[in-house]
Amino acid sequence: MQVISRSMTPKAERTTSLQPSAFDTLSEPVRRWIWQRNWPSLRDVQEKAIPVILAGGDVVISARTAAGKTEAAFLPLLTRYAEHAGSADGFAILYVSPLKALINDQHRRLEGLCEGSGVLLHKWHGDVSADAKTRARKRPSGVVLITPESLEALLVRRGVEVAHMFSRLDAVVIDELHAFIGTERGMQLQSILNRIEVATARDRIDRIGLSATLGDMSLAAEALRPGKGASVTIVEGKDEGNGVRLQIRGYLLDGTAPGDLTATADDRDPPGKPPEPFEPSTVPAALASDLFRLLRGQSNLLFAGSRANVEVYADMLRSMCDEASFPNEFFPHHGNLARAMREEVEARLRDDPRPTTAVATTTLELGIDIGEVETIAQIGPGFSVASLRQRLGRSGRRAGKPAALRMFVIEPPIGKGRHPIDRLRLDLVQSIAMVECLRAGWCEPPLPAGLHLSTLLHQVMALIVQTGGVSPTVAWNLLCERGPFQAVDRTLFAELLRCMATPENRLLEQSPQGLLMIGETGEKITESYEFYAVFATEREYRIIHDARTLGTYPLSSPVACGETIIFAGRRWQVSEIDDRARVIMVKPTRAGKPPHFNGKGAAVHDHVVATMRAVLASDEAYPYLDPAANRLLDEARSSFLDLQLDSRSVIAHGEGVLIFPWVGTMKLQTLTLALLAREFKASHFGHAIELQECEAGKTLETLQDIADSPAPDGKELAARLAQPALAKFDTFLSDHLMTLVTMVERISAKDLPLIAANALGIDTTHEVA
DNA sequence: GACCTGCTGCGGCGTG
């Protein structure tokens, strides 16, 4: 394996106990607890965070996984608690986590510390008994570990008790803050925290966000305290990692060595044939045997990219173990697998000495405790540099061991006649670009806030139920003016309220006094336990074998009785389907294909695509490529020159034209819509736009015209985009409101002239802002 | 060309 950097970041300097330390400023019981742990010293991030949190105010603590962020927040907060002297007059510290599993981990971690400090510690999520919640609610005190949804339920169902329960609240800790930024769930959490401050008549309750290190931490600060990010203190821990070992390995889809063009028969392919997305089940033989050889015998994470691919690779590697008469050590892990099965894999990784490779989707990227793994493997380039960084942080945590990551990239065989997109080896080039971005310390900044009207609609109803009724002005002031929906002005808010009150929607009514009340349909929605979450979920079947639930399967991808599927890493035949109970019964069999899950499409950032062009245009050698990947890169670069993409971005191809604007997915989408609006047969894939039955001259003219025209307002472009209801309550929005959401969140019309200029190749070194 | 996350109140029944 190649070493790109022996230590990407400097090793932590050891603090000795002789130096003056933040330790001395902590309360006696907290110091005693640390002393009992036998810690040689506080970690870097803890030394830095303790004085800041003791001083009060909003704080973002950023550091890698397992750097001790939780203690960095709780050691000083429990010290603060000791000074206030605990009382049963309200909860003192609220900890919010995106995952129930994380709450269970943190409860274990904080139990002794809280006990030593005489502070009650409550777990509060859907798996916790109603009885325990009632007891905590009747005598509110100490620390509560809770999910956003349980917190929403508490506010909605116990609105009158909110002021009392939280009147003494000293601070809110938000774990995995980065996972909330720019999402519907993040908007909901910000809104809930704001509602608590208003209900308790507090101007501000300290917020402490725990985050992975992002490119620009000021955006995390803004997410912690919307509109007042500048007042948030940012504490960044040193990366206490041991460097990174990284390799990109290349494979050809049919198993022939890259560069061995004679082994393929591509010249027969018609020139206009678009590249075919390969079936997830196609794994090159060389890749299969390399994965088996490199991963077996130690513990690893293999990120396979999709749930279908997780099934294929887990099943394949398990049967390779069977054939070699080895015990199996490859196990699937994804969101549709039964919780019990996923917990078995997590426990085996954490507690079992036997080597274990979890074949996973993004489920194992977050902070769930799985202990130490030796290497990380990934199929394909993935979709973001941020996720690559998170994955890397999952290995190399043991002293002296560097993080190790291998990316396995599959490219189709090519010949002269193949499609330019195949010839450019864009998956390999994207993998290199992502690694180069990572080496440069860049990663995707969080998305700027959208309108989030679906979630605002939800918060209007939640606020009404919590308070028993509010006036439109009070609701706007609370949710939009001082709350997180700051992109929504009074006029737009009024339009949303009218839309909610239509005879079709019946979510709202207005009392003769002008108070907003819940309408007939609104009653049904807010009374259901499904109300509390703001993200949309698919309806699903349960897959059962021998009374054991293996997992769930989307209703939208039906399977037939007798059909064979790969699920939970094994092969099954569907023996019975009960549509009313929504249950699929299966029995073991020998054959099978992976199930079909619906994805919603990925968005690659502008900077990554700009870096891809730079990789193609340069002759820099990358020490982390294996020989096959090097040959693929050579092919890509000679195709790039061959197609003259170094000096132009529009090329004729077959009966049509290809445009390479070298911009991210959202801008590529926007230019495609603008071309559709001008009657072109346009579609985008693989970082390019294809125009059918069209010539290069006319394309250049049109691009020039778009580049020279003022940016459109986007309404017309948004109306062209198919607008499926993406967010949970989008179905209640009028066409006009839905178009506004699309305009703001899914296209970038204001950049259109610059995008077209880029596509003309006027100035390809200039990155569109 | 993708992934992930969450859930109350109450009626009915069995048991100590």
Side-chain angles (χ1 to χ4, degrees), chain A residues 96-103 124-134 137 146-159 175-176 178-180 182-186 188-189 192 274-280 303-310 333-337 339 342 360-368 378-384 386-388 390-391 409-410 421 426-427 430-431 458 462 465 525-538 540 552 554 596-604 608-609 664-665 668-669 683-688 726 728:
Chain A
V96 186
S97 155
L99 297 177
K100 289 188 288 189
L102 217 49
I103 288 177
W124 193 307
H125 59 63
D127 299 344
V128 173
S129 72
D131 180 50
K133 292 175 196 165
T134 307
R137 194 164 52 76
I146 197 165
T147 60
E149 288 73 18
S150 281
L151 193 52
E152 181 71 87
L154 190 56
L155 262 63
V156 165
R157 298 286 162 232
R158 310 285 166 189
D175 206 353
E176 310 269 8
H178 56 276
F180 287 112
T183 67
E184 300 296 343
R185 215 176 171 205
Q188 177 190 28
L189 178 56
I192 288 173
E276 279 171 30
F278 49 85
E279 286 291 306
F303 289 102
S306 69
R307 287 165 288 187
N309 261 349
V310 163
H333 193 285
H334 62 71
N336 282 75
L337 285 178
R339 185 171 295 278
R342 285 155 59 177
T361 56
T362 55
T363 41
L364 289 181
E365 253 175 48
L366 280 165
I368 306 169
Q378 173 174 309
I379 309 295
F383 297 90
S384 76
S387 124
L388 192 61
Q390 286 272 100
R391 291 173 182 187
V409 184
I410 308 168
I421 286 184
L426 293 180
D427 266 8
Q430 188 177 330
S431 303
H458 176 270
V465 180
I525 292 171
T526 55
E527 274 166 18
S528 160
Y529 84 121
E530 292 174 337
F531 175 63
Y532 313 109
V534 292
F535 52 87
T537 41
E538 268 201 284
E540 291 170 325
T552 58
H596 179 259
F597 295 99
N598 295 320
K600 283 246 159 64
V604 181
V608 172
V609 187
T665 313
L668 197 66
Q669 163 102 287
S683 56
H684 66 92
F685 59 90
H687 306 298
L726 289 175
K728 187 173 176 184

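Protein chains get the first letters and strands the later ones, always in sequence-line order, with residue 1 at the start of each.
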With heavy atoms under 4.0 Å as the rule, sort [X] into base, sugar-phosphate or nothing.
| X | answer |
| --- | --- |
| R391(A) | nothing |
| G305(A) | sugar-phosphate |
| S150(A) | sugar-phosphate |

From [options], pick the nucleotide closest to the side chain of [X]?
| X | options | answer |
| --- | --- | --- |
| F383(A) | dG6(B), dA2(B), dC3(B) | dA2(B) |
| R307(A) | dC4(B), dC7(B), dT5(B) | dC4(B) |
| S306(A) | dA2(B), dT5(B), dC7(B) | dA2(B) |
| Q430(A) | dT5(B), dT8(B), dG1(B) | dG1(B) |

Under the rule for side-chain contact (heavy atoms from CB on, under 4.5 Å), what residues qualify as partners of [X], not counting sequence neighbours?
| X | answer |
| --- | --- |
| K100(A) | H125(A), D127(A), T147(A), R339(A) |
| A536(A) | K728(A) |
| N598(A) | E538(A), S556(A), S557(A), H596(A) |
| F535(A) | E149(A), R185(A), A533(A), T537(A) |

Rounded to whole Å, please give me the gap between CG in D427(A) and C1' in dG1(B).
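Rounded to the whole Å, the gap is 9 Å.
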Determine whether a donor-acceptor pair (one donor, one acceptor, N or O, separation below 3.5 Å) exists between the side chain of H687(A) and the base of dG1(B).
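Such a pair is found, so the answer is yes.
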Should K728(A) be listed as having a side-chain N or O under 4.0 Å from OP1 or OP2 of dG6(B)?
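So the side-chain polar atoms of K728(A) never come under 4.0 Å of the phosphate oxygens OP1 or OP2 of dG6(B).
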Could you work out, with ring pair (Phe, Tyr, Trp, His ring centres under 6.0 Å) as the rule, every residue matching H333(A), not counting sequence neighbours?
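For H333(A) there are no ring pair (Phe, Tyr, Trp, His ring centres under 6.0 Å) partners, ignoring immediate neighbours.
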Could you list the protein-to-nucleotides 9-16 of chain B atom pairs, N/O on both sides, closer than 3.5 Å?
residue: dG9(B); atom: OP1; partner: R158(A); partner atom: NH2; Å: 3.0

